[in-house]
Amino acid sequence: MPDERQTLSAEDAIIDARRAKAEVMRARGENPFANDTVPRLGGHTGDIAQVRATAADAQDAAGRYDESRVRALVGDEVFHVRGRVIALRSTGGLSFIRLRDRTGEIQLLVSEAALGADYARLAEFDVGDVLEAEGELTASKRGELSITPRRVRLLTKALRPLPEKWHGLTDVEIRYRQRYVDLIANPPVADVFRARSHVVRATRAILDEQGFLEVETPTMHTLIGGAAAKPFLTHHNALDMDLLMRIAPELYLKRLVVGGLERVYEIGRCYRNEGISTRHNPEFTILEFYQAYATYDDLIAFMESMLQGIDHRLAQAMPAAHATWAAARPFSLDHPFAQVSMDRAVVAAAERTAIPEWLSAVGDGGGDALVTVLKGSLGERIKEWAKSSPRAKGLDWSNFRKAFGKCDSDGERLFACYEYLAEPFLVDDYRTPDGKHSVPVFIKDYPIEVSPLARRNDARPELADRFEIFLQGRELGNGFSELNDPDDQAGRFRAQVERKARGDEEAMDYDADYIRALEHGMPPAAGFGMGIDRLVMALTNATSIRDVILFPLLRPEASPGKSTP
RNA sequence: GGGCCGGUAGCUCAGUCGGUAGAGCUGCGGACUUUUAAUCCGUAGGUCCCGGGUUCGAGUCCCGGCCGGCCCA
């Protein structure tokens, strides 16, 4: 039967043609999906970067190589490399193949003279194929370091074509759904994920050096706690039991502090059943660590040095890529980080709005006095207040009013003031001395009502010994001295349960076992949690969390792939 | 959840007022022993996201849906 398909799409035609090439190879007794890749001419197998390093001294100031210098340096040494074809050009009896492995790229300068009859096999190679090649090093006339293979062999036939060479792949949907193509077509993408690995490695190294123990705690929970978020629900069949995917590891890690492990950390996945945005993926990676006998002030100092340390280690691991990222950063990690209490941040923000009544209120009584003024007249005065200054005009008054109105306590009201009056302007208000970069800001001393797991301040019981760190205006992490009074904690859980009963889907459950653990005595401790994804975003200038997650959650596509054998 | 924008060849994109579906790259055939987005000659390739409507006629206008992006919540 002839092929009944009336029309063949361009893609199908390409796939068919490449399959046919694989069949030709099979007919010759060769395997188009081979894995017996070994040197046959006495060459030594190496990464492309190793091969390049061998000839590094034959390079001139402009980075060009000269054939005689290459020869003088490496002689007749034979090299064996493997990699993917990313460019393929022929000028007739001479062909140029650009090969890439995980360490770099090198050109194969393939001549009919060196390969003889096998030269015709080049017609079976396509961009995207994986090859092995074995031969001596040389330089092309244009000064490019090259291998002149006496043997070149296809290892893996790529049936599908790669995106075109000029523009590459830019369609973000294909980039996220087919990350394997994105990684091949867009080398900077691979750098971001290398950076992510280095960031995690540096984080581990810094904590390990301080005597922290890495642990793994359950990701399937029976109660929700440790953060304010909606959980995912799942089910265990054998136990016929609903389970919740964790929103935070916090309460398990603190149980370990009770158990005497004293310094523990976990880097792991958490799940929050919330909207998807450029800053939110339903699953994300969190770092949490807990240190006995430390206070939140100790952790503020530690986090400053830790973030600088992570960035320095990233710079050492990937100097070129890091230089590019660092040059484009709107923030600086190399200047002292700012520290300000939430109350002072609200006062400073109120002063900058230049609203006369706010000025006189915060002048006398700080943030509390501002809250009192707002309780009296926020609703009626917005129109007038908004005219006071450009900054006042730029405030999100309607949402501020809504959030403020929902608050049950002055502590929550102060927090609302912070969120709407101060937080949007952190990037403007806290900058390096030359004004060119924002600096990270620690906001300290949160109202107790919004901090259900943090220790109450000894001098001011309405406050918690808690901080959050903001990098370029975005929340990066959250830390506090831990609440270790079991009775206080039980009361805070009860308040959470009440909120849940009133419809707060993000409130925590009462965790009786955690209270029992605290009743055994948790040493004074402080802990910190940070989103790894957001840190990697900041360090690599990514604008979307999807750019630092290899396979971000997307709706399923209608029909993946169309090719059939 | 709301607003705005987008979906046309494998990829990157044009497509005017509603009137035969276009380009470049890629692919395929050919030439070429120093290319770098090679060049030159020839050539193929389409569910215009899906469904409905208006119309003599829809990639284009209208309605609904799907998928994605950005902003807001």
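Chain naming here is simple, since letters A, B, ... match the order of the sequence lines and numbering starts at 1 in each.
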task: Could you check A/His167 against A/Ile14 and say which one's nearest nucleotide on RNA chain B is further toward the 5' end?
output: A/His167

query: Looking across every strand, which nucleic acid part, if any, lies under 4.0 Å from A/Gly168 by heavy atom: base, sugar-phosphate, or nothing?
result: sugar-phosphate

query: Cationic tip of A/Arg179 within the cone over A/Phe551's six-membered ring, i.e. under 6.0 Å and within 45° of the normal?
result: no

Side-chain ion pair, A/Asp410 and A/Lys375, N-O less than 4.0 Å: yes

field: Spacing between A/Glu173 atom CD and B/C67 atom C1', to the nearest angstrom
entry: 5 Å

query: What does A/Leu162 touch in the nucleic acid at a heavy-atom separation under 4.0 angstrom: a base, only the sugar-phosphate, or nothing?
result: nothing

query: Is it the case that A/Arg196 and A/Thr285 place a side-chain donor and acceptor less than 3.5 Å from each other?
result: yes

task: Specify the residue among A/Arg142 and A/Thr170 whose closest nucleotide of RNA chain B lies further upstream toward the 5′ end.
output: A/Thr170

- prompt: When the P atoms of B/G6 and B/C63 are considered, how many whole Å apart are they?
  reply: 15 Å

- request: Determine the contact category for A/Arg175: base if any of its heavy atoms lies under 4.0 Å from a base atom, sugar-phosphate if only primed atoms, P, OP1 or OP2 are that close, otherwise nothing.
  value: nothing

task: Tell whether A/Glu144 reaches the base of B/U36 with its side chain through a donor-acceptor pair below 3.5 angstrom.
output: yes

task: Can you tell me, in whole Å, how much space there is between the P of B/C49 and that of B/G59?
output: 10 Å

task: Look at all strands and tell whether A/Ser95 reaches a base, only sugar-phosphate, or nothing, counting heavy atoms closer than 4.0 Å.
output: nothing

message: Between A/Arg98 and A/Glu105 (salt bridge meaning N to carboxylate O under 4.0 Å), is one present in this structure?
response: yes

query: Would you say the side chain of A/Ser140 and the base of B/U35 hold a donor-acceptor pair, judged only by whether the two atoms sit under 3.5 Å apart?
result: yes

- prompt: Which nucleotide, B/U33, B/C25, B/C70, lies nearest any side-chain atom of A/Thr278?
  reply: B/C70

Integer-rounded Å distance: B/U35 C1' and A/Leu108 CG: 13 Å

- prompt: Separation of A/Glu11 atom CD from B/U8 atom P, in whole Å?
  reply: 14 Å

- prompt: How long is the line joining CZ of A/Arg18 and C1' of B/G10, in whole Å?
  reply: 10 Å

message: Would you say A/Lys141 places a side-chain N or O within less than 4.0 Å of OP1 or OP2 belonging to B/U35?
response: no

message: So for atom CZ, which belongs to A/Arg151, do other residues, nucleotides or ligands contribute more than 12 heavy atoms lying within a distance under 6.0 Å?
response: yes

